[in-house]
Amino acid sequence: MTITITPLDDSFAVQVSGIQPSGAVRAEDIAAMRKALTAHGVVVIRGQKFDDREHIEFSRHFGELEIHTQRAWLLPDMPEILALNNRGERGTKPIMNGGSYWHSDVSYKAMPPMGSLLHAIEIPPEGGDTLYSNMCEAYDALDDETKTLIDGRRAIHSYAHRYQAQAAGDPERPQLTAEQLAEIPAVGHPMVRTHPETGRKALFVNEGFTTGIEGMDDAEARALLDRLFAHCVDPRFVYRHRWQVDDLVFWDNRMTQHSATSFDQRFKRNMHRTTVAGDVPA
Ligand code: SIN
């Protein structure tokens with residue numbers, strides 16, 4: 001089968017056809033998929049049937065898989081799968097508001113993941129879309145003065161503050177243990193990172209996890225970050241993914257950020273995510 005790449009909704013995201021996450025996958029198809037991912041940032045495979053084991057195996061073609069800090073959301077027999085399920089399943093805790101803020105996955109770790117693969121298992125009749133923003137395009141569109149201000153600077157990323165804010169609106173959300181908190185101390189990353197595979201520059205701050213700027217006082221940092229957060233989500237950089245059951249969306253965390261959107265919680269939304277390890281942002 002030949003791989004074909006089609007733009008989605010006149011946006012930066014693309015649909016890839018001719019590749020199946022189930023069964024044996026040819027090395028040249030994985031290479032084509034990776035090329036599409038790093039060129040476009042968001043790649044969608046649509047209308048394929050595959051199970052959790054096949055999801056994991058397919059994801060492993062792109063690197064080692066990470067295990068999320070909050071173990072309560074991991075499938076007990078397959079911890080590579082983060083179950084973003086508002087009802088919980090097979091002993092996982094329900095997650096009501098997972099990812100419903102702009103973020104790049106796990107940017108609060110010293111080596112944030114290169115990519116994430118999200119499989120739609122069950123979706124509400126409306127809402128629950130995911131928005132993706134292209135951080136290379138956002139960087140390119142900054143004025144020269146702002147580029148000079150942020151190039152070479154480092155921002156602070158932290159999970160704990162975001163987690164506690166989410167927990168305040170979700171009584172079911174389990175506390176992070178002292179051991180889990182010790183896994184995720186705040187870290188500094190360049191505000192502008194260079195994509196290791198394409199050499200493109202991308203803005204690397206996000207509203208979800210970026211809490212300050214190294215060497216800048218809090219008020220000045222807050223004002224600059226708020227301005228950048230607003231810029232990052234300008235509609236000209238954003239693709240809205242309207243999920244269909246069995247969609248697999250693969251995004252590059254090094255050059256995009258995303259936010260889930262709200263939906264009526266009387267309906268079930270169950271999404272399974274694998275997370276592919278990355279490197280130290282530079
Ligand atoms: C995520 O933030 O990884 C999940 C986004 C979603 O559930 O739409």
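Note: hydrogens, waters and symmetry copies are ignored here, and every other heavy atom, side chains too, is used. Read the numbers this way: they start at 1 and go in the same order the structure lists the ligands and their atoms. In this chain, numbering begins with 1 at the start of the sequence shown.
- For ligand 1, the atoms sitting less than 4.0 Å from at least one non-hydrogen atom of H258 are 1 (C), 2 (O), 3 (O), numbered in the order shown with element in parentheses.
- For the residue pair H103 / H258, a side-chain donor-acceptor distance below 3.5 Å is found, with atom types taken as modelled.
- Near R273, the atoms of ligand 1 lying under 4.0 angstrom from a non-hydrogen atom of the residue are 1 (C), 3 (O).
- Those atoms of ligand 1 with a heavy atom of T130 less than 4.0 angstrom away are 6 (C), 8 (O).
- The atoms of ligand 1 that sit less than 4.0 Å from any heavy atom of D105 are 2 (O), 3 (O).
- Judged by a 6.0 Å distance limit and a 45° cone about the ring axis, R34 is not positioned over the six-membered ring of F62.
- Aromatic ring orientation, Y239 versus Y132: parallel (interplanar angle below 30°, classes split at 30° and 60°).
- With respect to R222 and D226, a salt bridge is recorded, a charged nitrogen being found less than 4.0 Å from a carboxylate O.
- Residue contact annotation: W251 has a non-hydrogen atom under 4.0 Å from ligand 1.
- Interface of A260 with ligand 1, defined as ligand atoms under 4.0 Å from a residue heavy atom, comprises 6 (C), 8 (O).
- Each of the following atoms of ligand 1 lies closer than 4.0 Å to a heavy atom of G99: 2 (O).
- Between R254 and E197 there is a salt bridge, since a side-chain N of the basic residue sits under 4.0 Å from a carboxylate O of the acidic one.
- The existence of a salt bridge linking K201 and D140 is excluded, since no basic side-chain nitrogen approaches an acidic carboxylate oxygen closer than 4.0 Å.
- Taking any N or O of D129, backbone or side chain, none lies under 3.5 Å from an N or O belonging to ligand 1.
- Stacking of R193 on the aromatic ring of F204 is recorded, both the 6.0 Å distance cut-off and the 45° axial limit being met.
- Among M271, R269, H241, the residue whose heavy atom sits closest to atom 6 (C) of ligand 1 is R269.
- Within ligand 1, the atoms closer than 4.0 Å to a non-hydrogen atom of L84 are 4 (C), numbered from 1 in the order shown.
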